[in-house]
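Report on the structure given below.
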Amino acid sequence: MFSAHSTLSTPHDFDFWRTVYSHGWCALPPFWVDKVRGALSRLLLLEDGSLASCTLSDGKGRLSVQIQSTAKLDKVRKDEIKRQLVECLRLGEDLSAFYAAAKRHPRYRWIPASGAGRLLRAPTVFEDAVKMICTTNCSWSLTEIMVANLIASVGKKFADGLRAFPTPEATAGLSDSFVRKHVRAGYRSPYIIELAERVASGKLDIESWRRSALPTDELFRLVRSVKGIGDYAAGNLLKLLGRYDYLGLDSWVRARFYELHKNGRRVADKTIERHYSRFGKWRGLFFWMEMTRRWADQKFPF
DNA sequence: TTCCAGGGGTAGA
DNA sequence: TCTACCCATGGA
């Protein structure tokens with residue numbers, strides 16, 4: 001095992017814990033939060049097949065990164081590790097227009113003031129897409145079970161029982177019956193396998209989505225064409241691609257909207273969409289920020 | 001036992 | 001475009 005230390009510089013409007021706890025992803029392996037050390041950890045799979053366990057903690061204007069790796073940590077590997085972490089924490093994403101818009105609304109000034117807005121994502125679109133499928137029509141606890149089981153089934157081994165997120169190639173090699181029996185993904189199993197097969201075969205260049213020049217509605221239709229990804233999953237996956245034009249409604253946020261705006265009374269989805277339409281291309285992010293505002297009032301890490 | 005979770009696909013109107 | 005029906009799983 002090889003060890004190294006590195007640092008990541010962060011944008012002036014970045015807040016580490018608000019990014020870590022921006023949604024549930026930090027609780028899904030191979031991310032995990034070490035509350036004792038006050039750190040976010042992540043096991044990365046590098047291009048050469050080596051593995052790197054990274055522990056990130058907040059510093060002054062930069063992040064401290066402790067790395068343990070199966071391969072010597074030369075400059076090439078350290079640079080790749082940094083690139084992957086920058087992707088995860090959205091350190092290269094310019095949210096200044098979003099913050100400027102939020103400052104124009106007194107109700108939302110807390111967002112730029114607190115550094116909220118960056119949504120944690122995986123190093124790869126494939127991982128985000130599989131996980132998003134695993135959030136559909138089930139409880140969050142079942143999502144955690146499915147993701148953990150998938151990793152335990154075909155994730156590359158590191159140490160201490162840790163495994164990387166499976167590659168499309170490894171996932172594509174699983175049978176439907178195996179995924180049903182061991183991942184417990186139920187009817188989602190063929191969707192996960194089909195997605196993995198399309199990505200592994202090169203028929204679907206899913207990793208290009210983050211740098212796509214397509215208009216958002218066209219990208220939405222492309223994402224939506226993946227079996228198992230509907231309006232909810234596509235809307236939320238788009239947020240992880242840096243597009244915030246869709247709300248991605250589910251039972252959890254609907255209940256939260258009813259509670260915040262309608263005294264608990266149910267309303268149609270169109271009413272929710274109309275409510276946020278004034279925020280234009282940022283509406284999905286304004287929406288998510290408002291739904292999760294109470295998280296921002298808590299002391300991190302919680 | 002029944003219901004429902006951070007829904008989605010499909011067939012038929 | 002809209003609606004009914006079906007789909008695995010686990011927790012309450």
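Keep in mind that the numbers below use all heavy atoms, side chains included, and drop hydrogens, waters and symmetry copies. Labels below follow one simple rule: chain letters A, B, ... track the order of the sequence lines, proteins then strands, and each chain is numbered from 1.
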Between [X] and [N], does any side-chain N or O lie under 4.0 Å from OP1 or OP2?
{"X": "Arg254(A)", "N": "dA5(B)", "value": "no"}
{"X": "Arg184(A)", "N": "dG10(C)", "value": "yes"}
{"X": "Lys227(A)", "N": "dT10(B)", "value": "yes"}
{"X": "Thr136(A)", "N": "dG6(B)", "value": "no"}

Please give, in whole Å, the distance from [N] [atom2] to [X] [atom1]?
{"X": "Arg224(A)", "N": "dT10(B)", "atom1": "CZ", "atom2": "C1'", "answer": "12 Å"}
{"X": "Leu249(A)", "N": "dG8(B)", "atom1": "CG", "atom2": "P", "answer": "11 Å"}
{"X": "Leu240(A)", "N": "dG6(B)", "atom1": "CG", "atom2": "C1'", "answer": "13 Å"}
{"X": "Asp269(A)", "N": "dG7(B)", "atom1": "CG", "atom2": "P", "answer": "11 Å"}
{"X": "Arg180(A)", "N": "dC7(C)", "atom1": "CZ", "atom2": "P", "answer": "10 Å"}
{"X": "Phe257(A)", "N": "dG6(B)", "atom1": "CZ", "atom2": "C1'", "answer": "17 Å"}
{"X": "Ile192(A)", "N": "dC7(C)", "atom1": "CD1", "atom2": "P", "answer": "18 Å"}
{"X": "Met146(A)", "N": "dC7(C)", "atom1": "CE", "atom2": "C1'", "answer": "13 Å"}

Problem set entry | Contact nearer the 5' end of DNA chain C, comparing Leu142(A) with Lys270(A) | Lys270(A)

Exercise. Which comes earlier along DNA chain C counting from the 5' end, the contact point of Ile145(A) or that of Asn137(A), where each point is its nearest nucleotide?
Worked result: Asn137(A)

Problem set entry | Residue whose closest nucleotide on DNA chain B lies nearer the 5' end, Ser225(A) versus Asp250(A) | Asp250(A)

Exercise. Between Tyr244(A) and Phe98(A), is the gap from one ring center to the other below 6.0 Å?
Worked result: no

For this session: Compute the ring centroids of Phe286(A) and Trp282(A), then answer whether they are less than 6.0 Å apart.
Result: no

Name the nucleic acid region contacted by [X], choosing base, sugar-phosphate or nothing; use a 4.0 angstrom heavy-atom cut-off, strictly under.
{"X": "Ile133(A)", "answer": "nothing"}
{"X": "Asn236(A)", "answer": "nothing"}
{"X": "Ala185(A)", "answer": "nothing"}
{"X": "Val226(A)", "answer": "sugar-phosphate"}
{"X": "Arg256(A)", "answer": "nothing"}
{"X": "Gly248(A)", "answer": "nothing"}

Exercise. In a check of side chain to side chain contact (heavy atoms under 4.5 Å, CB included) between Leu63(A) and each of Thr7(A), Leu85(A), Leu40(A), Leu89(A), which one passes?
Worked result: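 Per the side chain to side chain contact (heavy atoms under 4.5 Å, CB included) rule, the option paired with Leu63(A) is Leu89(A), out of Thr7(A), Leu85(A), Leu40(A), Leu89(A).
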
For this session: Output yes if the stacking criterion (under 5.5 Å between centres, under 30° between planes) is met for Trp140(A) over the base of dG6(B), else no.
Result: yes

Between [Y] and [X], does any NZ, NE, NH1 or NH2 come within less than 4.0 Å of an OD or OE carboxylate oxygen?
{"X": "Arg42(A)", "Y": "Glu127(A)", "value": "yes"}
{"X": "Arg254(A)", "Y": "Asp269(A)", "value": "yes"}
{"X": "Arg256(A)", "Y": "Glu259(A)", "value": "yes"}

Where the side chain of [X] is defined as all heavy atoms beyond and including C-beta, which of [options] is the nearest nucleotide?
{"X": "Thr135(A)", "options": "dG9(B), dA5(B), dG6(B)", "answer": "dG6(B)"}
{"X": "Trp288(A)", "options": "dG9(B), dT9(C), dG6(B)", "answer": "dG6(B)"}
{"X": "Ser141(A)", "options": "dA5(B), dG11(C), dG9(B)", "answer": "dG11(C)"}
{"X": "Trp252(A)", "options": "dG6(B), dG7(B), dG8(B)", "answer": "dG6(B)"}

Exercise. For the residue pair Arg210(A) and Pro123(A), what are the closest heavy atoms and their distance?
Worked result: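 Shortest heavy-atom contact: NH1-O, 3.1 Å.
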
Problem set entry | Between dA8(C) and dA11(B) - P atom distance, rounded Å |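 Going atom to atom, P in each nucleotide, I get 15 Å.
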
Exercise. Using the P atom in both, what is the distance from dG6(B) to dT3(C), to the nearest Å?
Worked result: 24 Å

Problem set entry | Presence of donor-acceptor pair under 3.5 Å, side chain of Tyr187(A) and base of dG7(B) |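 Pair found.
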
